[in-house]
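As structure tokens, the structure follows; a few thoughts come after it.
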2 protein chains.
Amino acid sequence: MLTERQLLILKVIIDEFIKSANPVGSRAIAKKDQINYSAATIRNEMADLEEMGYLEKTHTSSGRIPSEKGYRYYVDHIIAPTIKRSEINILNKILENGYFEVEQVVQKAAEVLSRLTNYTSIILGPAIYEAKLKQIQILPLSQHTAVSILVTDTGHVEHRSFSIPFDIKPSDLEKMVNILNDRLYGVPLIYLHEKLHHEVVHLLRKYVNDFEKAYAYLDMMFFQEQPVKVYVGGKSNILLQPEFRDVNKLHSFYTMMEDENEVIKLFQRHEEGIQVRIGKENKADVIKDFSLITATYHTGGDQTGTIALLGPTRMEYRKVISLLNAFSFEMTEALYLWYKGD
Amino acid sequence: MLTERQLLILKVIIDEFIKSANPVGSRAIAKKDQINYSAATIRNEMADLEEMGYLEKTHTSSGRIPSEKGYRYYVDHIIAPTIKRSEINILNKILENGYFEVEQVVQKAAEVLSRLTNYTSIILGPAIYEAKLKQIQILPLSQHTAVSILVTDTGHVEHRSFSIPFDIKPSDLEKMVNILNDRLYGVPLIYLHEKLHHEVVHLLRKYVNDFEKAYAYLDMMFFQEQPVKVYVGGKSNILLQPEFRDVNKLHSFYTMMEDENEVIKLFQRHEEGIQVRIGKENKADVIKDFSLITATYHTGGDQTGTIALLGPTRMEYRKVISLLNAFSFEMTEALYLWYKGD
DNA sequence: TGTTAGCACTCCAGGTCATCGAGTGCTAAT
DNA sequence: ATTAGCACTCGATGACCTGGAGTGCTAACA
């Protein structure tokens, strides 16, 4: 257990290091107003804090830097109670100018978050599987091509273009689409395949000739797995951080960020509310000296998405946490209003 | 005018520098099989080439590196005739596995291009304005929200979600959409607005109450300028190039790449066929020590798009040019087949 | 007993200096 | 016209020094 004084010193060191990115020495701390002890006393305390694992040295006679354990303690016990909602209106003001769609809200939020923090923001769109089917449509383009369009009650639109195999009759496709619209309206996308398979198949078989081929085809058009959408803002902000001057680290980072699937993997097992992953607490090796702070947001349709900020372990945790808190609140609100039609 | 020998030496120097990224000295050249002169002779020729502006020195006693003029000459007179179509099947093989849509073809091509070259690939989707209107649709989601969907004959789908103002009647919207579909079918998107304004407006006014508001609204939904789609692959490849170890250069580069509009600006005034822009020949300052090589491709619908590779001025011009040549050919072919329905 | 002043020690950053090697330009010989 | 030879230049590298920031420890002090 830490004493009051150790706690204070740990806080000052981390605050200072977050600002400067340089190891913090005892003299610098002693000079602070909040501190009324001599450098020597601080040194003793720092030695203790290091022994306990909250601080580290870069070499024998250097100042101290926070360890991951130190950051963890800082986040859990020092700044946690200080979360404010003072920024509560930041996003709202920006959204006032008429951003309507879910995707636009999300994209704009990513942009703003990264601009406000100088970190990289990542937003996962709401998982569309909870959304309910509004309409399915097949529109012929030419004799052998068509475009399929699927619309959900949340305004989400999926579409694909296809060539139509010679052995499928357009009229059959049409019939099938009619049946599907009739029977699958209002079904959450996540159950679409199941419902189709169990309750609708027999209808299709009944009304449509050469059922097998057309069915397989339909399945391909509408029910292919669609990944969650990812919005990233401020990728270049990483370059501003002094700890990432090493081009090798940068390369693996940027390579990862180019692959949407890899980015999504960063969020495995994310839970409700705010979550802080410091350094090696992140599963992915590429970001083992980054910190990832995530928060969830909700749409009116009971879907949830994730907003996150990615930066060096030396992150402005206090600011980022309160900001994410505010944003998740505001996004939830904005999307709820939109969904309910105001 | 350059002599045979100067030409040969210039070629060897540039080839060598492209490989190694290090200034090339006279001895290194003399050792080459193709060269039957002593280092001293080479030195004299190099001095001449430098005087003429094709070569540069990094300092008084360094080897030579090509100047931008040197690269320009190399591209225009030395390698131009060597373009082959040997890679003609690269993309085809990849597309065989069933990539159907225009967007998928384009995206895949960007990926492959950057992987094959280790440069950054940029592809502009075909300008959709040439595409013709297939269908307009408004689908109500809730009482006060709707989604608009616009489909072209090329399978391109644009959609937006909207809140419906209280003072617009859904029934009016519906009427208007019907009229639009009737009158604007087959019209190229680029003329949509014009045609709407001149030929269709009076119909709308006739049949729809409270015409003004609804019309303004409609205009907003369907006829907002949509930028060309941009696909970028291999952004992280830039980090592999020794000349871009400087983090400051990287920052401006990556910041630019995050902004689609900025990326599109790079392609102002691009013309039919292959085009090479070396260093400061590029208008944009950010890429003034990059080279940008562009080629055009076509879809069956007479639309054209652009594929490009962005790398250091020390680029493998020969390889890149022949590759872009092949890709533009193959993409044109693949898209033509798709459009014509095979 | 907790705090602090003092001091020896460590290590890094930065500057100077000598050296080496790759390269050039010029001159004179072929 | 070509080339061998030579003096010269410059960057990269490593050895060495110094100053400064920082530590840990000891002993003195309240």
Side-chain angles (χ1 to χ4, degrees), chain A residues 1-10 12-17 19-67 70 242-243 245-246, chain B residues 1-10 12-17 19-67 70 242-243 245-246:
Chain A
M1 199 45 209
L2 295 186
T3 65
E4 267 316 300
R5 191 167 70 186
Q6 287 173 328
L7 208 125
L8 176 64
I9 291 174
L10 182 57
V12 170
I13 290 177
I14 297 187
D15 283 341
E16 190 58 33
F17 184 70
K19 240 186 264 165
S20 72
N22 291 318
V24 185
S26 55
R27 260 177 60 86
I29 297 178
K31 275 185 199 146
K32 294 257 162 192
D33 289 352
Q34 332 153 41
I35 304 281
N36 291 315
Y37 300 95
S38 75
T41 309
I42 311 289
R43 277 203 287 284
N44 288 327
E45 295 287 28
M46 295 204 304
D48 288 350
L49 284 168
E50 181 177 356
E51 208 174 351
M52 290 186 274
Y54 296 106
L55 294 178
E56 283 172 0
K57 282 192 281 197
T58 58
H59 58 85
T60 41
S61 72
S62 76
R64 301 300 206 293
I65 63 173
S67 68
E243 41 265 88
R245 306 238 130 216
D246 178 3
Chain B
M1 198 46 207
L2 295 187
T3 66
E4 266 315 301
R5 192 168 70 188
Q6 287 172 329
L7 209 126
L8 176 64
I9 290 173
L10 182 57
V12 170
I13 290 177
I14 298 187
D15 283 342
E16 191 57 32
F17 183 70
K19 241 187 262 164
S20 72
N22 291 318
V24 185
S26 55
R27 260 177 59 85
I29 298 178
K31 276 185 198 146
K32 295 255 160 192
D33 289 353
Q34 329 154 42
I35 304 281
N36 290 315
Y37 301 94
S38 75
T41 309
I42 310 290
R43 278 203 288 284
N44 288 325
E45 295 287 28
M46 294 206 304
D48 289 350
L49 284 168
E50 182 177 355
E51 207 174 350
M52 288 186 276
Y54 296 107
L55 294 179
E56 284 172 0
K57 283 192 281 195
T58 58
H59 58 88
T60 41
S61 73
S62 76
R64 302 301 206 290
I65 63 174
S67 68
E243 41 265 89
R245 306 239 132 215
D246 178 4

Check your understanding: Which sits closer to the 5' end of DNA chain D, B/Asn36 or B/Thr58, going by the nucleotide each is nearest to?
Key -> B/Asn36
Practice item. To the nearest Å, give me how far apart OH (B/Tyr37) and C1' (D/dA4) are. Key: 18 Å
Review point. In whole angstroms, how far is the P atom of C/dG23 from the CD atom of B/Glu45?
Key: 19 Å
Check your understanding: How would you list, by chain and number, every residue that makes a side chain to side chain donor-acceptor pair (under 3.5 Å) with A/Ser20, sequence neighbours excluded?
Key -> none
Check your understanding: Which residue pairs pass the ring-ring contact (aromatic ring centres under 6.0 Å, His included) test with at least one member in residues 22-58 of chain B, sequence neighbours excluded?
Key -> B/Tyr54-B/Tyr73
Review point. In Å and rounded to the nearest 0.5 Å, what is the CD1 to CD1 distance from B/Ile35 to B/Ile29?
Key: 6.5 Å
Review point. Can you pull the salt bridge (Lys or Arg N to Asp or Glu O under 4.0 Å) pairs that have at least one residue in residues 32-46 of chain A, sequence neighbours excluded?
Key: A/Arg5-A/Glu45, A/Glu16-A/Lys32
Review point. Whole-Å distance between C/dT4 C1' and A/Arg5 CZ?
Key: 11 Å
Revision key, fill the gap. Separation of C/dG23 atom C1' from B/Leu55 atom CG, nearest Å, is 14 Å
Review point. What is the distance from CD1 of A/Ile9 to C1' of C/dT3, rounded to the nearest Å?
Key: 12 Å
Review point. Got a sec, which pairs hit side-chain hydrogen bond (donor to acceptor under 3.5 Å, both in side chains) with one end in residues 56-65 of chain A, sequence neighbours left out?
Key: A/Glu50-A/Arg64, A/Thr58-A/Ser62
Practice item. Tell me, please, which residues at least two apart from A/Ser67 pass side chain to side chain donor-acceptor pair (under 3.5 Å). Key: none
Check your understanding: Over how many whole Å does the gap from B/His59 atom NE2 to D/dC10 atom C1' extend?
Key -> 5 Å
Review point. Could you give the CG-to-C1' distance, from A/Asn22 to C/dC12, as a whole number of Å?
Key: 13 Å
Point to revise | Rounded distance in Å - CD1 (B/Ile65) to C1' (C/dG23) | key: 14 Å
Check your understanding: What is the per-nucleotide protein-contact pattern of nucleotides 16-25 of chain D, from the 5' end, where B denotes a base atom under 4.0 Å from a protein heavy atom, S denotes such proximity for sugar-phosphate atoms only, and - denotes neither?
Key -> ------BBB-
